[in-house]
Amino acid sequence: MKEIKIESKLYVFDSLSELPNEVRSLMEKAVEARDKAYAPYSKFNVGAALILDNDEVITGNNQENASYPSGLCAERTAIYYAGSQFPDAKVLRMAISATSKNKPTVDPIPPCGACRQAIAEYEIKQETPIEIYFMGEIGKIVKSNSLSNLLPLVFDKNLL
Ligand code: THU
């Protein structure tokens, strides 16, 4: 038996003003998208904005459904749209912001496991890292240089 140690490096920015301009403007687009989310059941609004290597910016937000599992997260709404409209473009980075009507979201909100798996698919397909930035409603922002830092031991197409 041997031990395997898994480590990830993440970076924390104190506020939006600490972000490089292009990242701040992407996060602002995620916030705009967040405020248009359709989340009447959870009251938890999430917005995602991503930028492609052709300079297109795509946004998405969570879309809920009375049949709860039929809803979709913001990150997948955005990345599936990008994949469907620009199949040959690479995703450079994604910004995510979430807010709850039930309690203040002061901590950065990371993407859920299913969204990590979905984003990983595109990172592996395009063979270049996707930067991920995530935030709560406002406040600290966490940066990962690659989705892979958020999903060690990914299940990917090379295993099929
Ligand atoms: N949600 C997202 O949009 N992204 C995530 O990464 C986590 C959860 C949505 C799904 C649901 O509409 C609400 O947040 C509560 O789970």
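Start at 1 and go down the list; that is how both ligands and their atoms are numbered. All values below come from the heavy atoms of this structure, side chains included, with hydrogens, waters and symmetry mates left out.
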Name each donor-acceptor pair under 3.5 Å that joins a side chain in residues 74-83 to protein atoms two or more places apart or in another chain, with its distance.
unit_1	atom_1	unit_2	atom_2	d
T77	OG1	N61	O	3.3
T77	OG1	C73	O	2.8

*Name all residues meeting the side chain to side chain contact (heavy atoms under 4.5 Å, CB included) criterion together with D35; count only those two or more places apart in sequence or in a different chain, and write none if there are none.*
V31

*For the pair D14 and K140, find out whether any cationic side-chain nitrogen is under 4.0 Å from an anionic carboxylate oxygen.*
yes

_Amino acids in close contact with ligand 1, where any non-hydrogen atom sits under 4.0 angstrom away_ = S42, F44, V46, N62, E64, C73, A74, E75, P111, C112

*Main-chain N/O of P111 paired with R116 side-chain donor or acceptor, under 3.5 Å*: yes

*Under the ring pair (Phe, Tyr, Trp, His ring centres under 6.0 Å) test, which residues partner Y68, sequence neighbours left out?*
Y41

*asked:* With a 6.0 Å cut-off (strictly less than), is the heavy-atom count around NZ of K36, excluding the residue itself, greater than 12?
replied: no

